[in-house]
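From a predicted model like this one, the values you see are computed outputs, not experimental measurements. Position 1 is the first residue of the sequence, and the numbers go up from there.
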Amino acid sequence: MALKKSELYSSIWKSCDELRGGMDASQYKDYVLALLFIKYVSDRYAGVKDALIEVPDGGSFQDIVTLKGDKEIGDKINKIIAKLAEANDLKGIIDVADFNDADKLGKGKEMQDRLSNLVAIFNDPNLNFSKNRADGDDLLGDAYEYLMRNFATQSGKSKGQFYTPAEVSRIISKVIGVNTAESQEQSIYDPTCGSGSLLLKAADEAERGLSIYGQEMDNATHALAHMNMILHGHPTRVIQQGNTLANPLFREADGSLKQFDFAVANPPFSSKAWSNGFNPVEDEFKRFEDGIPPAKNGDYAFLLHLLRSLKSKGKGAIILPHGVLFRGNAEAEIRKNLICKGVIKGIIGLPPNLFFGTGIPACIIVLDKENAEERQGIFMIDASKGFVKDGNKNRLRDQDIHKIVDVFNRQLEIPKYSRFVPFEELADPKNGYNLNIPRYIDSQEEEDIQDIEAHLLGGIPKGDIEALSEYWQVYPTLKQKLFEVANRPGYLKLKISIEEVKACIFDYPEFISYGQEIQAVFAAWQAKNTPLLKAIQPGNHPKDIIYSLSEDLLQAFTGKRLIDKYDVYQHLMTYWVESMKDDVYILVEDGWKAELKEVINKKGAVTDLICELIPKELMINRYFKAEQAEIEKLEAKRDEIVRQEEELEEEHGGEEGLLEEATNDNGKITKANVNERIKIIKNNATFADELKVLKAYLKLIEQEAEVTKEIKVLAQFLDKYVLTKYGDLTQDEIKTLVVDDKWMVTLQQAINSEMERISQRLTQRIKELAERYETPLPELTSRVDELTSRVEAHLKKMGMVW
């Protein structure tokens, strides 16, 4: 059975439990990722002639497996890894972690057990990467990215900078035009490549591939980048280790700085030691001709290095803190020079708290040397409000990424979000080449202004109703249905009560018609894509599938009023991540099979059989509705019995109640206690009332037990029918269950929820305005005076007068 992506991730992440305690995430990642790498290359290349990676005798993961329980396991793992490293020129890359470090892994038996357990996790039969046929989807590379993100999250403020969030990397890869690359001979470069995540995402955007170059100062992080490249299928990458600013290692034969077609970077923000090791004034590479950055802030140093590293038509992007857009002095001069040269194509303002090394907001500065002298301005996007909370960080959603990329690449001007700012405006003395985005894009939400006259005299301001024009364009006569002119110009009032607003909107023909229109759009998309989904077969690439689905869904909802196509897109992408992706990976590995899997408890006993592709609920809904309905009927009967029991308990329970003597020390009334009490009082007329209640309660207990037994028997029969049906399913039936009943029904419900959200928004706003101005201030004052007089009168009668 295929390994689900989510299971792969959680299984590998579980390995970290063996290492927590002795070191933090910034250290134990080296152990986990090294074992992941060795496991992968061993599964894929051991015994394979002319393989990209040579797995020598005594240098494989299987050699490590034999060490479980060995007293010298740490030292011997080091030696095995050393053999693999030496055979592939990976010394200093995969052997960074010391598996014999007693300070981190414990001494003696503690180290032995810890490493044995760690190896056992990676030795799980399900983690056999030689069987992964979805190569084009980088199953292992994606798992590596998942681990890197988690490590970065746990590594603390100063140690998470080795990783650029994949969402930001995706934006950069799509806005610098990597997809225009025509040959693998073209190059991409990252001068501060960290673990290589940004570089990889950008390079992967090129259909024909690119030559990859990167430099990283930290030795351990430099090793991570090498492993990341290999796991993502880029074994011919060139990753150097060293200080990029002081000693750039990529040079031409004449010693000049090597230049690339594309360049990306996420350098350390505001580095105070950027000029260590060299004198920028005498820089041999002429990187600082537009100005020398401040001695204690290296943001522009990295930007200028990146710019110098681009060819004459090169394109790039760099992530920097917002301060580079507006800080003065030396940075202002550099900024002015760059603007005047036209090399800055655009600026994308990102939400705060995205990055692992800092919580401050950052921006992407997009550079483009091609036709720079003809550029007329800079395209700006304020994307600071599009994100979702994810633990203690913020994260860009798929819809945020897609919107940024669409808007930037098409240079679309959207109020409060994006605009093209001409150089004349930037150069205006009042702006002085300041690039601070809020100067040019006012993204603040409109204030909900209170109308004093309406508070005094009543009525809803007409302007507030006109502000809902997007709704009136879709429901052109609804406004007349809801409102009429008030007693003076410029104000309206509701024709109906506030309580009737929701029903009026939801039942209105134009509202119903719009809902049907949206459902028709989804139905057309469904009809088009259902055959494609049912044609999934082993060897297909899941990423190609979701790309085709999602882009077509976006196109289907483009231009539809009220409903945001990116919101609809996000519903699909969320469902893809949560469930659909795992289903598709099963299908592209195993085909359309309804395989059952044992559920085993902690004692090793099988407690159930499940099908991950087709849950039992789907089978029941399609094939066993009558049987399920019978069970639900009995469950309703049982619920009614329980309700009657609760009524008796409420009426006769508690102290001195007729059921008190049948209650145990925990406050529960039990059948045994009831029978015992009946036995004691049954011949005593004094307790006739209590006896009657006890017998009534006993009868309910017995009825509940009988119905519960019936439910259990029917449920067992139903489960047996379902399990038998799994084995009888045809391939067409499986496709119907998965595509029609599971995927499409879920997405249909998501569209319905979006429609509900739109209508609720209108309803709530109208009710809010109506309630706000429902009672004029003089009337409120009069009521207050009246109530005050009443209270004073009551107090006077009570003799409480001051």
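- Between I94 and M227 there is a side-chain heavy-atom pair separated by less than 4.5 Å.
- F288 is not listed as a side-chain neighbour of I334, based on a closest heavy-atom distance of 4.5 Å or more.
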Test E252 against S256 for side-chain hydrogen bond (donor to acceptor under 3.5 Å, both in side chains), laying out the working first. CA-CA 5 Å; E252 302 292 357; S256 61; 5.7 Å; no
Steps toward side chain to side chain contact (heavy atoms under 4.5 Å, CB included) verdict (F408, I381): CA-CA 8 Å; F408 189 90; I381 293 178; 3.8 Å; yes
Taking it one step at a time, do L307 and L338 satisfy side chain to side chain contact (heavy atoms under 4.5 Å, CB included)? CA-CA 10 Å; L307 192 60; L338 295 179; 3.6 Å; yes
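- The aromatic rings of Y31 and F99 stand perpendicular to each other, their planes meeting at an angle above 60°, with 30° marking the opposite boundary.
- The heavy-atom pair separating L198 from I172 by the smallest distance is CD1-CD1, 3.9 Å.
- Among all heavy-atom pairs drawn from A87 and P56, the shortest one is CB-CG, 3.9 Å.
- You'll find the side chain of M580 reaches within 4.5 Å of the side chain of L549, heavy atoms only.
- Checked by atom type and distance alone, the side chain of R397 never pairs as donor or acceptor with a backbone atom of Q570 at under 3.5 Å.
- Under the 4.5 Å side-chain criterion, counting only non-hydrogen atoms from C-beta, L200 is not in contact with S173.
- Heavy atoms of other residues, nucleotides or ligands lying less than 6.0 angstrom from NZ of K311 number more than 12.
- Heavy-atom minimum distance, Y566 versus Q399: O-CB, 3.2 Å.
- Residue pairs meeting the salt bridge (charged side-chain N to carboxylate O under 4.0 Å, His left out) criterion with at least one partner in residues 89-99, sequence neighbours excluded, are absent.
- The distance from the CG atom of L350 to the CG atom of D400 is 10.5 Å, given to the nearest 0.5 Å.
- Of all heavy-atom pairs between P321 and D299, the closest is CG-OD2, 3.3 Å.
- Using bins of under 30°, 30° to 60° and over 60° for the plane-to-plane angle, the ring pair Y189/F260 lands in the parallel bin.
- Heavy-atom minimum distance, G349 versus C363: CA-CB, 4.3 Å.
- Q215 places a side-chain N or O within 3.5 Å of a backbone atom of N247 that can act as its donor or acceptor partner.
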Take I344 and L367, measure what side chain to side chain contact (heavy atoms under 4.5 Å, CB included) needs, and give me the verdict at the end. CA-CA 5 Å; I344 300 177; L367 305 170; 4.1 Å; yes
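- Residues meeting the salt bridge (charged side-chain N to carboxylate O under 4.0 Å, His left out) test with K79, sequence neighbours left out: D75.
- A donor-acceptor pair under 3.5 Å is absent between the side-chain atoms of S187 and the main chain of I212, judged by distance alone.
- T221 contributes no side-chain N or O that, together with a main-chain N or O of D218, makes up a donor-acceptor pair within less than 3.5 Å.
- Remark: E551 CD is packed, more than 12 non-hydrogen atoms of other residues, nucleotides or ligands lying under 6.0 Å away.
- Without hydrogens or angle criteria, D406 side chain to K403 main chain gives no donor-acceptor distance under 3.5 Å.
- With hydrogens and angles ignored, the 3.5 Å screen pairs no side-chain donor or acceptor of S548 with any backbone N or O of I545.
- Rounding to the nearest 0.5 angstrom, the gap separating the CD1 atom in I347 from the CG atom in L435 is 4.0 Å.
- Of the inter-residue distances, the one linking M217 atom CE with T244 atom OG1 reads 8.0 Å to the nearest 0.5 angstrom.
- Looking at heavy atoms from C-beta onward, D398 lies out of side-chain contact with E167 at the 4.5 angstrom threshold.
- Separating the CG atom in D63 from the CD1 atom in I77 is a distance of 11.0 Å, to the nearest 0.5 Å.
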Step by step, work out the side chain to side chain contact (heavy atoms under 4.5 Å, CB included) result for R251 and F285. CA-CA 10 Å; R251 308 186 188 189; F285 306 107; 3.5 Å; yes
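- Annotation for K389: atom NZ counts as buried by contact number, over 12 foreign heavy atoms lying within 6.0 Å.
- Among the candidates K345, K315, K313, the single residue satisfying the side-chain hydrogen bond (donor to acceptor under 3.5 Å, both in side chains) test with E370 is K315.
- At a threshold of 4.0 Å, the pair E205-K174 counts as salt-bridged, since one of the basic side-chain nitrogens sits closer than that to a carboxylate oxygen.
- Side-chain atoms of K369 come within 3.5 Å of backbone N or O of L310 as a donor-acceptor pair.
- A side-chain donor-acceptor contact under 3.5 Å links E216 to the backbone of G194.
- Counting heavy atoms from C-beta on, the side chains of D204 and V178 never come closer than 4.5 Å.
- M573 CE to I401 CD1: the interatomic distance, rounded to the nearest 0.5 Å, is 8.5 Å.
- R287 approaches F278 most closely through the heavy-atom pair NH2-CE1, 3.7 Å.
- Side-chain contact check for Y300 versus L320: every heavy-atom pair is 4.5 Å or farther apart.
- For the pair I38 and I80, the minimum side-chain heavy-atom distance is 4.5 Å or more.
- The CG atom of D261 lies 12.5 Å from the OG atom of S309; values are rounded to the nearest 0.5 Å.
- When N228, T164, I188 are each tested for a side chain to side chain contact (heavy atoms under 4.5 Å, CB included) with L199, only one passes: I188.
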